[in-house]
Amino acid sequence: MDDAIVLCAADLGESQMSTSNLPNNARTAPLDRGIDLREEDLARRRNWQLSPIYRLPNETFGHAFELAYLASVEKDSDFEEGGASAMELVQNISLVSKRWREIVLLNPRLWSIIDFPNRPAVETCIARSKNVPLQIRLISGYIPDIEKPPRKEALKDSISALMTCIDRWQSLSHDNLYMTETLGLIFAHPVPNLETLQLDAEFGPESEDGETALTIPDGFFNGKVPRLRRLRLLSCHLPLNPSNYANLMELSLSMIEFKSSMSSLLGVLTACPSLEILRLHYISFILSLTKAESSALANMSPIDMPRLRELSIVHSVGHDNMHTILASIHPPRSLHLRMVCAISRVVDLYNILPLHKDLESTFQSLLDIEELAIEFRVPSPGSGELDACDIRAVSRGGSPDRPPYPLMTLRLFPIESDEEPAEDSLGARLFHNIGRDLRLPQLKALKIARLDPEIVSPSAFADVLDHLPSIQLLELISCSPGLVWALTFTSSRRPCPSLETLHLERSLVIDKDLLAVIESRVTEGAQKDLAPLRLRLVLVDCSTMGQSSVLKLGEYAEVIIKPQ
């Protein structure tokens with residue numbers, strides 16, 4: 001769309017234009033006051049006739065283009081091909097109008113992301129980005145064998161052009177790595193301003209055993225990336241030498257089999273006091289800890305990691321490795337622990353979390369859990385239910401008005417094997433850890449979904465509740481109605497004495513049983529001054545509760561009926 005506006009011949013021939021439809025600040029002048037004034041009036045009228053968006057200054061357009069430009073590549077998923085090409089976006093914007101094209105050409109920041117492996121395109125970005133730091137994304141995903149030669153040559157040509165401005169590299173993402181052909185070429189010289197490095201060898205050359213892991217020689221980066229702060233490696237093995245990882249703020253290791261023991265990784269963590277994000281996904285260690293290493297680890301003080309805010313462990317081989325990592329570090333109380341793993345039928349939270357050590361010196365965040373949600377038999381799309389367990393824990397910093405922030409997110413699966421199964425299911429073992437091994441002194445809200453007697457009996461459920469006296473809100477969703485009996489006050493037992501709200505959703509508990517439970521809590525609690533005189537009872541999609549049942553319950557509790 002061109003910015004020029006065509007005026008009528010009558011407009012050009014009039015000596016004085018009508019001002020009835022013009023803005024207040026627009027005035028006409030007679031022709032005898034000079035040609036300059038008439039041209040000024042025509043320019044004002046032309047601007048007034050434009051769509052409001054075209055009256056914006058160039059700086060506003062430039063800022064909007066930059067936001068769209070950055071959003072097009074903001075999908076920062078680890079080692080994934082995706083998101084729009086930044087160069088394609090710039091080209092599309094420049095085709096809208098002459099004015100937009102001029103804005104794009106004069107803004108060097110709109111040419112600082114190079115994600116198109118074509119030498120002429122790369123050279124154009126280098127020239128137009130001037131002195132702006134460069135973000136380089138050489139991510140192409142899987143390349144069939146028949147396509148490799150031409151695309152490899154194009155990639156090599158692009159890299160040789162990029163080498164001319166290596167001092168401006170700020171980030172580099174590169175997949176389909178070939179050590180001798182591309183990686184060696186890239187790091188033939190120092191990269192003084194590189195802050196983020198992402199290397200992926202998943203689709204690189206296969207080794208003799210058919211794997212695609214690439215081994216980078218020890219010391220390969222030494223002295224060449226002094227400002228490196230974020231390192232992400234996928235199927236790309238770099239020895240666990242602390243000198244390779246110093247000063248990092250983020251370390252992400254995926255699909256790597258280390259030919260060493262866990263003690264090497266602990267040495268790396270010791271060398272990274274500024275680490276904020278640690279991700280260990282699908283990694284394994286060939287060697288086990290020696291007796292000397294195990295003894296040294298038992299006597300070692302936890303590694304202080306004051307800035308660590310996210311720790312993610314996904315399907316790393318061996319629960320012993322996970323437990324070793326968690327029991328050996330001391331992160332801040334705000335750490336978010338994420339774990340997804342398959343565990344054997346004899347493992348529970350005690351074997352994973354550092355519960356046997358003083359949590360004050362390791363995972364203080366576990367002591368701050370205020371809200372806990374446990375979901376059993378997690379639904380799986382297309383395959384019914386999984387024998388898996390989701391555990392999510394958050395804190396509100398001691399105030400119910402503050403937004404929650406996550407402290408722990410666990411998804412645990414049992415390993416299928418032909419060995420003799422454990423007496424208890426995975427869900428039963430995990431649930432028994434709550435309150436007994438995983439002490440929760442600040443817990444105020446407990447939410448449980450799909451818990452039935454096959455997982456935990458009502459008596460075992462009552463035993464768990466006895467260890468959680470600070471609970472004020474209890475939510476039972478699609479749980480066995482028999483579990484509600486565990487809340488009954490008796491002369492010898494008073495579970496959840498601080499309970500204020502009971503939330504039942506999709507429950508089949510009958511009105512007579514629920515009335516007996518509520519009545520016992522109100523009458524016994526009033527006598528012993530252990531519970532509020534009136535509880536709050538929230539019922540969601542409880543088909544067994546009729547209007548008469550609600551009226552009876554209303555004599556002892558504030559009843560709230562919510563639609564599904």
Discussion item. Side chain to side chain contact (heavy atoms under 4.5 Å, CB included) for Ser365 and Met408? Distances and angles first, verdict last.
Written reply: CA-CA 9 Å; Ser365 59; Met408 183 173 65; over 6 Å; no

Worksheet entry | Under 3.5 Å side-chain donor-acceptor pair for Thr409 and His336 | yes

Item to complete: Let me see the working for Ser312 and His281 under side-chain hydrogen bond (donor to acceptor under 3.5 Å, both in side chains), right down to the final yes or no.
Response: CA-CA 8 Å; Ser312 177; His281 296 181; 2.8 Å; yes

Worksheet entry | Check against side chain to side chain contact (heavy atoms under 4.5 Å, CB included), Met163 and Trp169 | CA-CA 9 Å; Met163 294 296 294; Trp169 293 10; 4.2 Å; yes

Worksheet item: What residues form a side chain to side chain donor-acceptor pair (under 3.5 Å) with Ser129, not counting sequence neighbours?
Response: Arg168

Worksheet item: Can you name the side-chain contact (heavy atoms from CB on, under 4.5 Å) partners of Pro133, sequence neighbours left out?
Response: Gln170

Worksheet entry | Heavy-atom closest pair, residues Arg101 and Ser94 | CB-O, 3.3 Å

Practice prompt. Identify, with sequence neighbours excluded, every residue that meets side chain to side chain donor-acceptor pair (under 3.5 Å) alongside Arg128.
Written response: none

Worksheet item: Would a distance-only check, ignoring hydrogens and angles, find a side-chain to backbone donor-acceptor pair under 3.5 Å from Ser158 to Asn118?
Response: yes

Worksheet item: How far does CG of Leu280 sit from CG of Leu251, to the nearest 0.5 angstrom?
Response: 7.0 Å

Worksheet item: Atom CG in Leu308, atom OG in Ser334: separation rounded to 0.5 Å?
Response: 9.0 Å

Practice prompt. Find out whether Leu326 and Thr362 are in side-chain contact, i.e. whether some heavy atom of one side chain is under 4.5 Å from a heavy atom of the other.
Written response: no

Response to the item:
What one should report as the nearest heavy-atom pair of Trp111 and Val104 is NE1-O, 3.0 Å

Fill in: From CG (Leu335) to CZ (Phe363), nearest 0.5 Å
5.0 Å

Worksheet entry | Taking every non-hydrogen atom, the tightest pair across Pro273 and Pro306 | O-CD, 3.9 Å

Discussion item. Checking Val225 now: which residues fulfil side-chain contact (heavy atoms from CB on, under 4.5 Å) with it, not counting sequence neighbours?
Written reply: Phe187, Val191, Leu194, Phe221, Leu228

Response to the item:
In short, side chain to side chain donor-acceptor pair (under 3.5 Å) pairs touching residues 261-272 with sequence neighbours left out are Ser261-Ser263, Ser261-Glu293, Ser263-Glu293

Worksheet item: Run the side chain to side chain contact (heavy atoms under 4.5 Å, CB included) check on Leu199 and Leu238 step by step: do they pass?
Response: CA-CA 11 Å; Leu199 301 177; Leu238 181 64; over 6 Å; no

Worksheet entry | SG-CG distance between Cys236 and Leu231, expressed to the nearest 0.5 angstrom | 8.5 Å

Worksheet item: Rounded to the nearest 0.5 Å, what separation is found between the CG atom of Leu269 and the CD1 atom of Ile325?
Response: 7.5 Å

Item to complete: Determine the minimum heavy-atom distance between Ser112 and Val132, stating which atoms define it.
Response: CB-CG1, 3.6 Å

Worksheet item: What pair of heavy atoms forms the shortest contact from Cys165 to Ile126, and how long is it?
Response: SG-CD1, 3.7 Å

Practice prompt. In plain terms, say whether Glu250 and Arg232 are close enough for a salt bridge, that is, a side-chain N and a carboxylate O under 4.0 Å apart.
Written response: yes

Fill in: Residue of the set Ile159, Leu162, Val122 for which side-chain contact (heavy atoms from CB on, under 4.5 Å) holds with Ile136
Leu162

Worksheet item: side-chain contact (heavy atoms from CB on, under 4.5 Å) with Asp390: which residues, sequence neighbours excluded?
Response: Glu375, Val378, Arg392, Arg411

Practice prompt. Evaluate the side-chain hydrogen bond (donor to acceptor under 3.5 Å, both in side chains) criterion for residues Arg230 and Ser171: first the C-alpha distance (whole Å), next the side-chain angles of each, then the deciding distance (0.1 Å), finally the verdict.
Written response: CA-CA 9 Å; Arg230 296 173 178 84; Ser171 67; over 6 Å; no

Response to the item:
Sorted by chain and residue number, the side chain to side chain donor-acceptor pair (under 3.5 Å) partners of Asn241 (sequence neighbours excluded) come out as Asp218, Ser243

Item to complete: Take Ile216 and Asn244 through the side chain to side chain contact (heavy atoms under 4.5 Å, CB included) test and state the conclusion after the steps.
Response: CA-CA 11 Å; Ile216 301 175; Asn244 294 324; over 6 Å; no

Worksheet item: Applying salt bridge (charged side-chain N to carboxylate O under 4.0 Å, His left out), which residue pairs with at least one partner in residues 299-315 are found, sequence neighbours left out?
Response: Glu276-Arg309, Arg279-Glu310

Discussion item. In the structure I gave you, are the side-chain heavy atoms of Leu349 and Ile391 within less than 4.5 Å of one another anywhere?
Written reply: yes

Worksheet item: So do the side chains of His315 and Val340 get within less than 4.5 Å of each other, counting heavy atoms only?
Response: yes

Discussion item. Is a donor from one side chain sitting under 3.5 angstrom from an acceptor on the other, for Arg229 and Ser274?
Written reply: no

Discussion item. Donor-acceptor pair, distance only, cut-off 3.5 Å: does the side chain of Glu370 make one with the backbone of Gly398?
Written reply: yes

Worksheet entry | ring pair (Phe, Tyr, Trp, His ring centres under 6.0 Å) contacts in which one or both residues fall within residues 240-260, not counting sequence neighbours | His237-Phe258, Phe258-Phe285

Fill in: side-chain contact (heavy atoms from CB on, under 4.5 Å) partners for Glu102, two or more places apart
Lys98

Item to complete: With rounding to the nearest 0.5 Å, note down the distance linking CD1 in Ile114 to CD in Glu123.
Response: 10.5 Å

Fill in: Exceeds 12 heavy-atom contacts within 6.0 angstrom, atom NZ of Lys224
yes

Worksheet, complete the sentence: Applying side chain to side chain donor-acceptor pair (under 3.5 Å) to Arg402 and not counting sequence neighbours gives none

Item to complete: Taking the side chain as every heavy atom from C-beta outward, state whether Ile313 and Cys341 have any atom pair closer than 4.5 Å.
Response: no

Discussion item. So, using salt bridge (Lys or Arg N to Asp or Glu O under 4.0 Å) as the criterion, who are the partners of Arg338 when residues are at least two apart?
Written reply: none

Discussion item. Quick check: closest heavy atoms across Ala393 and Leu372, and the distance to 0.1 Å?
Written reply: CB-CD1, 3.8 Å

Practice prompt. For residues His330 and Ser361, determine if any side-chain heavy atom of one lies less than 4.5 Å from a side-chain heavy atom of the other.
Written response: no

Discussion item. Do Leu110 and Ile93 have side chains that approach each other closer than 4.5 Å (heavy atoms only, starting at C-beta)?
Written reply: no

